[in-house]
Amino acid sequence: MARASDIAFNGGGGASSHTGNPMPKELEAPDFPAESSASVESDYRALIDAMDQGACIIEMIFDEMEEPADYRFLRVNQAFERQTGLRDAVGRTMRSFRPDHEEHWFHLYGRVALTGIPARFDNPAASLGRWYQVSAFRVGAPDQRRVGIVFNDITKRKNSEEQLELYASEMGHRAKNMLAVSTSLVQMTKGATVEEYKTNLLGRLNALSHSQRLLMQDGGDRVDLDRLLADEASAHQADGETRLSWKGPTLLLETRIAQSVVLAVHELATNAAKYGALSVPDGRVTLEWARAEKYLTLLWRESGGPSVSGEPTIRGLGTGIIMKCAQNIFGQGSVNFDWRTEGLACELVIPLESLSSETS
């Protein structure tokens, strides 16, 4: 039997299959009297508009080399605007809305229009800021080059999958780092008595576990970036020390962005405690941040630590996690490592599509 997404209205209100296989008898359009065709079309339109998924019919536009160049929207359902954010689309082309729309969309739909072979796929649409699950199939005669599309916005699901993958990788890496971090805490902590020493050490271990709990939170409201960094810093410097300092405007981040920030800062701080400025008494780290439009820029600078001889020849898992933290699901965001002689400098540019609030 043809899939639901392979059935499209054929202009007269009936259903037709675009799989290349004969239409099953139970799905064949009945022979309605001419006077009932308008009623059938109206009922079918009501069915399409009742769908939660977006649906549309497009006409592919090819250039002189028969390469897909654009497509025009011919029909859309009511969910189309909610799923795409595009208003009054009928009669307009995709590039008139988003000139930078990714080429893979045009090639995928162009292939369906030319071959008649249906396609099902999940793809990002960065120009719309969304991920979609799509079913596309040819509509009408081959020379019309029309494609029917049924799609669903799966951005939230993709965000969750991306975060779960990141968490799994990070938790495995943190398990390997935990002994080294705990040892460093024991060495840095001071106390006039055993009881004082125990209290101070447990305080730092609790600060470290707070970061772990934050990473595992599912949802939440807002997180103060300054408080987030204070919790992380307390696990990497001894009593009364200011070896790790930070400054920047007050930013309230949604939990997902805060999780990425704390992951990246933890990896930088752990690396500094093992090999960099935080591995020696005179080492210092400064962290500054600023917001520029839709991005958060963090600048990590180390000084006073062991001399750096250049970029490491082997990139560790921690470096990969830092780079992953800076990027969203569309690959936007960047990390720049500067292996200076006086110490590592690292600039992270993180997309803030989930920035909740900013106060001065």
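Side chains are part of it too, since the values below use all heavy atoms of this structure and drop only hydrogens, waters and symmetry mates. Please read all numbers here as calculations on a predicted model, not as lab measurements.
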Is it the case that one hydrophobic cluster holds both [X] and [Y], taking links as side-chain heavy atoms less than 4.5 Å apart, direct or via other members?
X	Y	value
V335	L296	yes
V90	I149	yes
F62	Y71	yes
L244	V280	no
I61	L74	no

Out of curiosity, [X] [atom1] to [Y] [atom2], how far, rounded to the nearest 0.5 Å?
X	Y	atom1	atom2	result
L298	L268	CG	CG	9.5 Å
R227	T250	CZ	OG1	13.0 Å
N336	C346	CG	SG	7.5 Å
T93	M60	OG1	CE	11.0 Å
N123	E102	CG	CD	8.0 Å
I48	I57	CD1	CD1	8.5 Å

Beyond-backbone contact of [X] with [Y], side-chain heavy atoms, under 4.5 angstrom:
X	Y	value
V134	L108	no
Y295	I350	no
W289	L251	yes
I117	R111	no
L228	V265	no
V150	M51	yes
R98	M94	yes
Y132	T84	yes

Side chain of [X], backbone of [Y]: donor and acceptor closer than 3.5 Å?
X	Y	value
D63	A69	no
R75	A55	no
H104	P124	yes
Q83	D153	yes
D49	Q78	yes
D226	W246	no
R146	I58	no

| said: Evaluate V285 against R243 for side-chain contact (heavy atoms from CB on, under 4.5 Å), listing each step before the verdict. | reply: CA-CA 6 Å; V285 173; R243 301 173 65 206; over 6 Å; no
| said: Here's a test for you: under side chain to side chain contact (heavy atoms under 4.5 Å, CB included), which of L287, N271, T286 qualifies with W300? | reply: L287
| said: Set out, in order, the CA-CA distance, both residues' side-chain angles and the distance that settles side-chain contact (heavy atoms from CB on, under 4.5 Å) for R301 and E288, then state yes or no. | reply: CA-CA 9 Å; R301 290 192 185 94; E288 300 179 19; 3.8 Å; yes
| task | Check the pair E103, R95 against salt bridge (charged side-chain N to carboxylate O under 4.0 Å, His left out), reporting the backbone distance first and the verdict last. | result | CA-CA 11 Å; E103 291 296 327; R95 291 202 188 276; 2.8 Å; yes
| said: Any donor-acceptor pair under 3.5 Å linking the side-chain atoms of W131 with those of D122? | reply: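 Judged by distance alone, the side chains do not pair up.
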| request: Could you list the residues that satisfy side chain to side chain contact (heavy atoms under 4.5 Å, CB included) with F97, not counting sequence neighbours? | output: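 Only F73, L86, A89, R92 meet the side chain to side chain contact (heavy atoms under 4.5 Å, CB included) criterion with F97.
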Residue pair [X] / [Y]: nearest heavy atoms and the distance that separates them:
X	Y	answer
V139	G148	CG2-N, 3.3 Å
A277	R284	CB-O, 3.4 Å
A273	S279	O-CB, 3.3 Å
V112	A119	CG2-CB, 3.9 Å
G140	Q144	CA-OE1, 3.4 Å
C56	V76	CB-CG1, 3.9 Å

| said: With side-chain contact (heavy atoms from CB on, under 4.5 Å) as the criterion, how do L344 and Y275 come out once you've worked through the C-alpha distance, each side chain's angles and the decisive distance to 0.1 Å? | reply: CA-CA 10 Å; L344 170 66; Y275 316 110; over 6 Å; no
| query | Are E161 and R157 close enough, and set up right, to give a salt bridge (charged side-chain N to carboxylate O under 4.0 Å, His left out), and what steps lead you there? | reply | CA-CA 6 Å; E161 290 174 355; R157 191 192 83 190; 3.2 Å; yes
| Where do L252 and D224 land on the side-chain contact (heavy atoms from CB on, under 4.5 Å) test, with the steps shown first? | CA-CA 5 Å; L252 300 179; D224 187 337; 4.1 Å; yes
| query | Should the ring pair F121 and Y109 be called parallel, tilted or perpendicular, given that the plane angle runs from 0 to 90° and is split at 30 and 60? | reply |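 Correct class here is tilted.
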| message | Does the plane of the ring in F80 sit parallel, tilted or perpendicular to the ring in F151? Use 30° and 60° as the thresholds. | response |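 It falls in the perpendicular class, over 60°.
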